[in-house]
Every structure is written in C-alpha cells, then in structure tokens.
Asks: 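There's a structure below that I have some questions on.
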Amino acid sequence: MTTRGSWGTRLGFILAAVGSAVGLGNLWRFPWMAADNGGSAFLVVYLAVIVLVGVPGLLAELVIGRRSNRSPVGALVSLADSDRWRAPGLLAVGTAVLLLSFYAVVGGWTLRYFLTSATGAYFAEPGAYFSGASSGLDAFAFALAFLALTGFVVYRGVDAGIERASKVMMPAILVLLVALAAWALTLPGAGAGVSFYLAFDLATLRANAFDILPAAAGQALFTLSLGCGTMLTYASYLSEDRSLPADATAIAVLNTLVGVLAGLVVFPLLFALGDGAGAGGPGAVFVSIAAAFATLPYGQVLGVVFFGVVLLAALSSSISMLEIPVAYLVEEREHSRHTAVAGLLSLFAVTSGVCAFFPAIFAFVSGTLVDLLLTTGLVGFLLFVGWVLGKDAVDEFRTGAGDFAGRLATPWLYAVAVVLPVFLLFTLVTGVLGALGVTVADVALGGVTVSGTTQLVGVAVLLALTAYATLRRPGSAV
Ligand code: TRP
C-alpha cells in the first residue's frame, strides 16, 4: 500500500473543500441560473435547498470518506463489504471525468480572458470575440493549458499541492470579490440590479415554483461539489478529531457567501449597462460582463482582476475533480500518482477536445447530463449512508463533534435515508419531465381536480412514508 496523503491543518482541509465548492458554479453558472429563474425568487429557493439538502448531503459524503479513508470506489466496497457497491463508486468516478471534460473548456475560456483583458483584445466586439473563442481549435488549446495547470497541482499531492494552492487562492478570491462588489455597487443604475437580485418577490416564486425548484436543486448540488465523491475523497484525508458537522457548515456558509457576492458583482454590472438580467445565459460573464469592462474606465485592470478571480476559483475546483480519478488509480489500481496524473491528462486531452469542438455535446454534458448524474450519484451516497452504514454513520457523525451537534445525528440519518432521496428523485423527475416538455395531466377524482403537480407530490410523500416505515421495522439498520 502506498502511504495515503493527509491534510496538514484543519484550515487546510476547509480551504481545499471551499476551493472545490467555489468555482465556475458560483461565478458563471449561478448568476446565469438566477437570471433565468426570476432572480430573487431563485435565490430564496436556492438558499433553502442549500440548508435543507446541501448541508446534510455534504455530511453524508464526509461521513463515508472519513469512515473509510478511501476514495469513492474503495470506500463503498470496503464499508459495505460487498462488490455490489463497486458500480455506484465507478459511476461517481465516471461523472467526475465527464465533469472535468467540459469544465476544462470553460476554464480555458477563463484563462484566455484573464490574459487578453490586459490588452483589451475583446473590447471592440465582445459578442463576436466570444463566439470565436468559445469553441474550436483555440478553445481546445486553452483547455489543454488549463488542464496542465490543474495537473501540476494534483501531481504535487494532497498537502504540498492541493492544500498549499488553496491557502493562497481562497483568501485572494474573497478579498478581490469584496473589492469588485464594492466597486460595482457604486455604478449608476446598479440599484436596479440589486433589487432584481435581493428584493423578495413572492408572486414570481409562486408562479414558477416547479421550474425554479429543479434548477435550484441542481445548482445547489453543483456548487457544493456533491454527487461524484469530491467531498468524500477530500474527507478521506481527514483525521478523527474533527467535527464533521462544524466543517460542513463552514464549507456551506463560505461557499454561499462567495455565490451571493458574485451576484452582487454581476447583477449591478448587467443593470448598470442597461442590459438587464435578460442578457444572462451561459455567455453572461464572457459577453455582458466583458462588454462592461470595455466601456468602463480602467476596464483592462478590472478585467484582469475579475477574470483572475474566476480563473483561481475554476482551478481550485478542477483540482478537486481530477483528484477523484487520480485517487482511484492510485488506491485501487496501484499506479503511482505521477503515472495516474499523466495518463488522465492524455484522456482529458481527448474528452475535453470533444467538448471544445462540438458545442452541442458541450451543452448537453454541461447541462442535462451532469445534473442527472450528480443527482443520481448523491442519491446513491445518501442511500448508502442511511441503509448500509446506519448506526455506524451516526457514530462517525458524532466522532469529534460536540454534544449539540451529536444530538442532530439521528434526525440527520432519517433525513439522509428517506426524506432527501425522495426529494431528489422528485426534482429529478420534474426536471426531466420539464426538459422533455411533458406535463402530468390533471385528473378529476370524485369531482375534485387533482393537478399534475399534486399527483407528483402525493407519490413522493407516499414513497417517503413507505421508506420510513421500512426503516423503523425491528432489526433494521437504524
Ligand atoms: N463546485 C464547483 C463549482 O461550483 C464545481 C465542482 C467541483 C463540482 N467538484 C465538483 C461539481 C464535484 C460537482 C461535483 O464550480
């Protein structure tokens, strides 16, 4: 066995985990999702999902990781003592590979914008520049450069590479974002952006609740890096004296702070330029925001700072994605870290090449496919914790946690075993139906019309109750 890596300090782990969480999800995907789904209405649902689903889900991954001291495949197989759990583990590794394949392309755009902001190359025609940069040979070249940077850090290992890089990158991101938000808020017209983003708006929320929910749930999982074993793997490098509930809370709070701050940079900028939120979309950051820098004084400096933040955030996330297949190859396949990193980089040269040259594949992978796989993956981890680990999960949760947090362990287990999987499957089904344009027809039951939504909620509640009853039967795991 090779000696496993481990974190040097408590702060090191938190910063690396926050580094994984804070990424393009916060700075690129979040403002885009919020703009498409009603701004403040989306923000409210998103925050609720982070607290009610994100934190308990994150804890599930941390519990599996620290309990097993292995990366996803080895973790599930060794804890369950059964090969049946190999497939879900491999699914997680595969999801991480897909994820990095498209993430590297966006990381490449970021790298390019960071470099070209200095000369103002995109200032004349931001829209046309982005179309040229977003796919094709150029996009591929920058994706490769981004992958090389990622590989360099992962190659150096857990404490000397990932931890050390995170300790520099995370504070830099926070300081620069606060400065950017303070500046953006002083722009004329910024107020409209702030109220689109922060004014609570019940009417929009009620009218669109079932469109907003799957989008908010998908975004919450993506931003907390849940569903493909990133957090699980990072927790496997932890020792026993740490409070997992405290760490999970710290990670979620810091990540949310950065997401909300990013919104306070992006929305004031979009509104100040008169674009409104409608100019969001996947190009929001690279077209609308880039256009803002073109018209503003000191635009080149601001561009370098802004895209520098995005680049750092993207790198600390891509590092955490690469670490999953690397850990798998090192632990389960007995490769050295060096060959694992080198081999995987050649694989990614192909897969991110496909994403760089074929925009349709890129769109499918980065949208629907990743949402589906991450949700499925997280449901797998939750069911594992609830139904396979059971009491052991409660022990692991309590290890290192104080009395107060310890008392939350049992309610948490029920949530993880029953409530959250049902909720996630519900969002999965509504999300897929929505994407396919299918609606569940209303049914008239004894004179009362039951809407499609009510039917789905009813099925979800029934499922939850059945699962709960099974879990309570004598001799079961809990
Ligand atoms: N959370 C990161 C972001 O917001 C992306 C990320 C890193 C991720 N590791 C992950 C997403 C694992 C899902 C699963 O950009």
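Order of listing sets the numbers, starting from 1, for every ligand and every atom in it. Everything numeric in this text was worked out from a predicted model, so none of it was measured.
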Asks: Centroid-to-centroid, W109 to F146, below 6.0 Å?
Replies: no
Asks: Under 4.0 Å, heavy atoms only, figure out whether ligand 1 is touched by the backbone of L99, its side chain, both or neither.
Replies: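 Within the 4.0 Å criterion, L99 contacts ligand 1 through side-chain atoms alone.
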Asks: CG of L115 to CZ of F142: how many Å apart, nearest 0.5 Å?
Replies: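 It is 6.0 Å, given to the nearest 0.5 Å.
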Asks: Considering non-hydrogen atoms of the protein only, which is the closest contact for atom 15 (O) of ligand 1, and what is the distance?
Replies: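 Checking every protein heavy atom, the shortest distance to atom 15 (O) of ligand 1 gives Y103 OH, 2.5 Å.
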Asks: Which ligand 1 atoms are under 4.0 Å away from a heavy-atom of S320?
Replies: 7 (C), 9 (N)
Asks: Does the pair E323/R337 count as a salt bridge with the N-to-O cut at 4.0 Å?
Replies: yes
Asks: Between E396 and R66, does any NZ, NE, NH1 or NH2 come within less than 4.0 Å of an OD or OE carboxylate oxygen?
Replies: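 Answer for the salt bridge query: yes.
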Asks: Look at atom 2 (C) of ligand 1 and find which of S20, G23, G25, G229 reaches it with the closest heavy atom.
Replies: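 Result: the heavy atom closest to atom 2 (C) of ligand 1 is in S20.
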Asks: With a 3.5 Å cut-off and no angle check, do the side chains of S78 and S68 form a donor-acceptor pair?
Replies: no
Asks: Ligand 1 versus S225, non-hydrogen atoms closer than 4.0 Å: side chain, backbone, both, neither?
Replies: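 The answer is both.
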Asks: Counting only heavy atoms, which portion of T95 has something under 4.0 Å from ligand 1: side chain, backbone, both, or neither?
Replies: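 It is neither part, as no heavy atom is under 4.0 Å.
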Asks: OG of S317 to OH of Y103: how many Å apart, nearest 0.5 Å?
Replies: 3.5 Å
Asks: Output the list of atoms in ligand 1 that are nearer than 4.0 Å to some heavy atom of L24, sorted by atom number.
Replies: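 Counting from 1, the qualifying ligand atoms are 15 (O).
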Asks: Going by heavy-atom distance to atom 4 (O) of ligand 1, choose the closest among G19, C228, S316, A21.
Replies: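 Shortest heavy-atom distance from atom 4 (O) of ligand 1: A21.
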Asks: Mark up the atoms of ligand 1 that fall under 4.0 Å of a heavy atom belonging to L374, in ascending order.
Replies: 13 (C), 14 (C)
Asks: Report yes or no: does a heavy atom of G227 sit under 4.0 Å from some atom of ligand 1?
Replies: no
Asks: Which heavy atom of the protein is the closest neighbour of atom 11 (C) of ligand 1, given with residue, atom name and distance?
Replies: F222 O, 3.3 Å
Asks: Hey, what do you get for OG1 (T150) to CG (L345), rounding to the nearest 0.5 Å?
Replies: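 It comes to 8.0 Å.
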Asks: Would you mind checking if R29 and D371 are paired as a salt bridge, meaning a charged N to carboxylate O distance below 4.0 Å?
Replies: yes
Asks: How close does the nearest protein non-hydrogen atom get to atom 12 (C) of ligand 1, and which residue and atom is it?
Replies: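 Checking every protein heavy atom, the shortest distance to atom 12 (C) of ligand 1 gives T230 OG1, 3.2 Å.
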